[in-house]
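What follows is a set of notes on a single structure, which appears directly below.
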Amino acid sequence: MQMSKMFFQTLREDPADAEVISHKLLTRAGYIRKLTGGIYTYMPLMWRVLKKIEIIVREEMDNSGAQELLMPILQTEELWQESGRWDVYGKELMRLKDRHGRQLALGPTHEEIITALVRDEIRSYRQLPVNLYQIQNKFRDEIRPRFGLLRGREFIMKDAYSFDIDEEGLDKSYEIMAKAYTNIFKRCGLETKMVRSDSGAIGGNVSHEFMVLTQTDSGENDVLYCDTCEYAANSNHAESRMPDARINGKYEKSHKIETPNTKTIEQLCKFLNIPPSIICKTLVYIADSKPILALIRGDKEVEETKLKNAIGANEIRIATSEEIAELMSKSGFSAEAGFIGPKGIKADKIIADKSVVSLKNFVIGINETDYHLVGANWSQDVDLPEICEDIRLSVAGEICPNCHGKLLITKGIEVGNIFKLGTKYSEKMKATFTDENGREIPFIMGCYGIGVSRTAAAAVERYHDEFGIKLPKEIGPFHVIVVPVNTNDELQFNTAKEIYEELRSQNFEVVIDDRNERAGVKFKDADLIGFPIRITVGKTVNEGLVEFKLRDSGEMLKLTKKEAISKVKNILQD
RNA sequence: CGGGAUGUGGCGCAGCUUGGUAGCGCACCUCGCUUGGGACGAGGGGGUCGCACGUUCGAAUCGUGUCAUCCCGACCA
């Protein structure tokens, strides 16, 4: 490739609308151009990167026994009605109508399509297991696309779906995918952590995310991980242990106490001179438009995703003060937020976090403004709610649920995820096969996604410096750039051309910067775009030497033409 | 959806307060000069100032509306 012919332009300044480093650098280096919010053109440089990632994905998927196919992007409403997701998926689903007024959607994921397909094609357990995948543009109408390629509305995704006879088969398929994913990301130069996560809109029981851990803020997810064992989880799913609340001997007997103007835990602690850990906090949430109560220890926060899962709600949010007032009057109280307690409240559900179970002689609201009950105990003073789950936000410093290590927190970019779906889709969509006993049973499914374009952006987040992008050779757009310092100098230009042609004939991905630019411009562009190897042909060519420089380490050698070419081979074919 | 900000050549920005010739840097074209870390000189091309309506003799500038983008929040693979 001749630089003078390449379709790209580098920018000297960061685009004004870019926030994260990968977005800035990819735009500046001419890899991507934005069409509109969350929608980008992959320029030739970027497309080379994406194709390389796709090749790695294909090789590993094929090796794991999966088969590639390509399903339609346009999907019909009927299938989404069958799965029940047409109404549940929400505004993120890009919907449109055809000329007949028929509702269609641009595929955000393909569980419905694949399930419908497999139910028609596979009749017998003899045809199982099967794992099908595709690489395709996906569409999600994100509320707020941002961070460039890290959260787009149109993006490239590899999605795979496994169909098994039973749970045991699913476990095996799941494990195979987990292994394939680890390999894929490793080959892309990315260290990933497989973390437990919530399964969100896709559904299912077990799911893991593959996170590229970042020290910067560009990761969108908080990941908690153990400093001792292998435990790691998304904060929306992380569990942890914590020391029991210190039993405060201050209140031995339960009694009502006046606590004026103590609407917050902080104020209450100050007023009573107690630690927040002996308070039982009562929060009102609206879950699918019904009021519920959540109890948690005063020094801890509720993790809403966990709460949502614990009570099986689709949507959840904290109640407004009007809604609280309404619930109060319905229950015959008039207390303000801050003095609420579970006793006597007519909530749809009352759920307790595990952190409150061991509380003794604690402080709790009794639905009377400016009063609390102190020295309270379960059963004697207040009934412990029937539903008791872990709905607490785990934080750094708490104890690992698996060992005695300490949990640490970091940001992560989710580049892949895997779900055990079970029969969630196959049951609803009546996708069954005949087992060896002649019974019709639903497929046991799993699904597995990789954000291909996001992986590329994550790699830039991981591999860059103040001068630009330095993607590893496995996924970078090119391997080598040959730079004649002065294109008007015949010896320099011809020598550069010879090196270029020689490398090209050996199938290396090489570019010659034949532009009639000054050396500084060429060097800046080479650094910005990120060629792992730069061979500079300058004045020393008169002594038979060229400069061999590595982008990553900055290491520089003076070599003969021949040596330079064989060094390229050594480095790229290791 | 709430709060904040911004829309002016391809990119980054000034001009708007106080209405009157649309400007700067980069990029682009031509010529000269230069060629080891984003040179220099001379000349040149390109913008209905997001869009609509209004106020005015006159609107990038004032008003109303609308659209878009970005940030924070809520939400979310």
Side-chain angles (χ1 to χ4, degrees), chain A residues 8-20 23-24 27-30 33-39 85 88-93 107-111 138-148 150-153 155 157-159 197-204 207-211 217 220-221 234 236 304-305 308 314-318 320 412-419 447-451 453-454 466-468 483-489 492-493 513 515-528 534 536-541 545-547 549 554 556 558:
Chain A
F8 85 109
Q9 186 186 26
T10 55
L11 306 176
R12 294 198 178 185
E13 285 162 296
D14 287 335
D17 57 4
E19 183 71 9
V20 297
H23 189 193
K24 286 179 184 169
T27 303
R28 276 192 59 205
R33 288 292 179 258
K34 183 165 86 172
L35 176 65
T36 183
I39 301 178
R85 287 208 295 181
V88 176
Y89 208 89
K91 290 185 184 148
E92 219 175 282
L93 184 62
T109 174
H110 277 65
E111 283 82 9
K138 292 285 191 280
F139 298 82
R140 291 185 193 178
D141 201 356
E142 297 285 349
I143 295 176
R144 189 177 156 201
R146 57 180 148 176
F147 302 145
L150 289 174
R151 178 170 293 273
R153 292 194 292 169
F155 57 96
M157 178 168 156
K158 188 283 307 178
D159 47 323
S197 70
D198 177 61
S199 23
I202 307 287
S207 73
H208 287 87
E209 294 168 336
F210 285 78
M211 294 277 189
D217 277 347
E220 284 197 90
N221 301 280
N234 190 315
N236 68 18
E304 293 189 5
T305 304
K308 198 160 82 177
N314 281 322
E315 225 178 273
I316 198 156
R317 59 176 173 80
I318 198 100
T320 63
I413 301 171
E414 179 193 346
V415 288
N417 52 27
I418 56 180
F419 297 90
C447 77
Y448 316 90
I450 289 179
S453 42
R454 181 183 276 186
E466 55 182 318
F467 303 109
V483 182
V485 169
N486 184 349
T487 43
N488 296 320
D489 182 308
Q492 288 183 24
F493 193 52
D513 196 344
R515 297 176 301 171
N516 188 18
E517 290 284 356
R518 294 166 64 86
V521 173
K522 298 186 191 181
F523 293 157
K524 289 285 184 192
D525 279 345
D527 288 347
L528 183 58
R534 187 180 88 198
T536 308
V537 185
K539 281 180 187 142
T540 54
V541 74
L545 295 174
V546 299
E547 180 186 301
K549 193 170 183 187
M556 198 265 276
K558 295 274 188 191

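Everything numeric in this text was worked out from a predicted model, so none of it was measured. Proteins get letters first, then strands, A, B, ... in listed order; numbering begins at 1 in each.
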Name the pairing partner of [N], where a pair is Watson-Crick or G-U wobble with both distances under 3.5 Å, or state none.
{"N": "B:rA27", "result": "none"}
{"N": "B:rC70", "result": "B:rG4"}
{"N": "B:rG45", "result": "none"}
{"N": "B:rU34", "result": "none"}
{"N": "B:rG19", "result": "none"}
{"N": "B:rA52", "result": "B:rU64"}

I need the minimum non-hydrogen distance between [X] and [Y], along with the two atoms involved.
{"X": "A:Arg515", "Y": "A:Asp525", "answer": "NH2-OD2, 3.0 Å"}
{"X": "A:Ile418", "Y": "A:Phe210", "answer": "CD1-CE1, 3.9 Å"}
{"X": "A:Leu528", "Y": "A:Leu11", "answer": "CD2-O, 4.3 Å"}
{"X": "A:Arg33", "Y": "A:Thr27", "answer": "NH1-O, 2.7 Å"}

Looking at residues at least two apart in the chain, or sitting in another chain, which of them share a ring pair (Phe, Tyr, Trp, His ring centres under 6.0 Å) with A:His110?
-> none

Considering only the [atom1] atoms, how many Å lie between [N] and [M], rounded to the nearest integer?
{"N": "B:rG58", "M": "B:rG19", "atom1": "P", "value": "15 Å"}
{"N": "B:rG50", "M": "B:rU6", "atom1": "P", "value": "13 Å"}
{"N": "B:rG36", "M": "B:rG43", "atom1": "P", "value": "28 Å"}
{"N": "B:rG47", "M": "B:rG4", "atom1": "P", "value": "37 Å"}
{"N": "B:rA27", "M": "B:rG54", "atom1": "P", "value": "43 Å"}
{"N": "B:rC49", "M": "B:rA22", "atom1": "C1'", "value": "8 Å"}
{"N": "B:rU17", "M": "B:rA59", "atom1": "P", "value": "14 Å"}
{"N": "B:rG46", "M": "B:rC26", "atom1": "C1'", "value": "15 Å"}

Drop me the distance from A:Asp14's CG to A:Lys24's NZ, to the nearest 0.5 angstrom.
->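 If I round to the nearest 0.5 Å, the distance is 5.0 Å.
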
Partner of A:Glu209 by side-chain hydrogen bond (donor to acceptor under 3.5 Å, both in side chains), out of A:Asn417, A:Asn236, A:Asn234 |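 Answer to the side-chain hydrogen bond (donor to acceptor under 3.5 Å, both in side chains) test with A:Glu209 among A:Asn417, A:Asn236, A:Asn234: A:Asn234.
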
Write down the distance between CZ (A:Arg33) and P (B:rA27), rounded to a whole number of angstrom.
->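 Interatomic distance, CZ of A:Arg33 to P of B:rA27: 15 Å.
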
Between P of B:rC76 and CD of A:Glu209, the distance in whole Å |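 One finds 13 Å between P of B:rC76 and CD of A:Glu209, rounded.
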
Are A:Arg534 and A:Phe523 in a cation-pi setup, meaning NZ or CZ lies under 6.0 angstrom from the ring centre and within 45 degrees of the ring axis?
->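 Geometry flag: set, cation within 6.0 Å and 45°.
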
Is A:Lys524 reaching over with its side chain to a backbone N or O of A:Phe467, donor-acceptor style, under 3.5 angstrom?
->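 A pair under 3.5 Å: no.
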
Mind listing the N/O atom pairs, protein and nucleotides 70-74 of chain B, below 3.5 Å?
unit_1, atom_1, unit_2, atom_2, d
B:rC72, OP2, A:Arg144, NH2, 2.2

Output yes when A:Glu142 and A:Arg151 qualify as a salt bridge under the 4.0 Å nitrogen-oxygen rule, no when they do not.
-> yes

Let me have a per-nucleotide readout for nucleotides 34-40 of chain B, 5' to 3', with B, S or -, counting only protein heavy atoms under 4.0 Å.
-> BBBBBB-

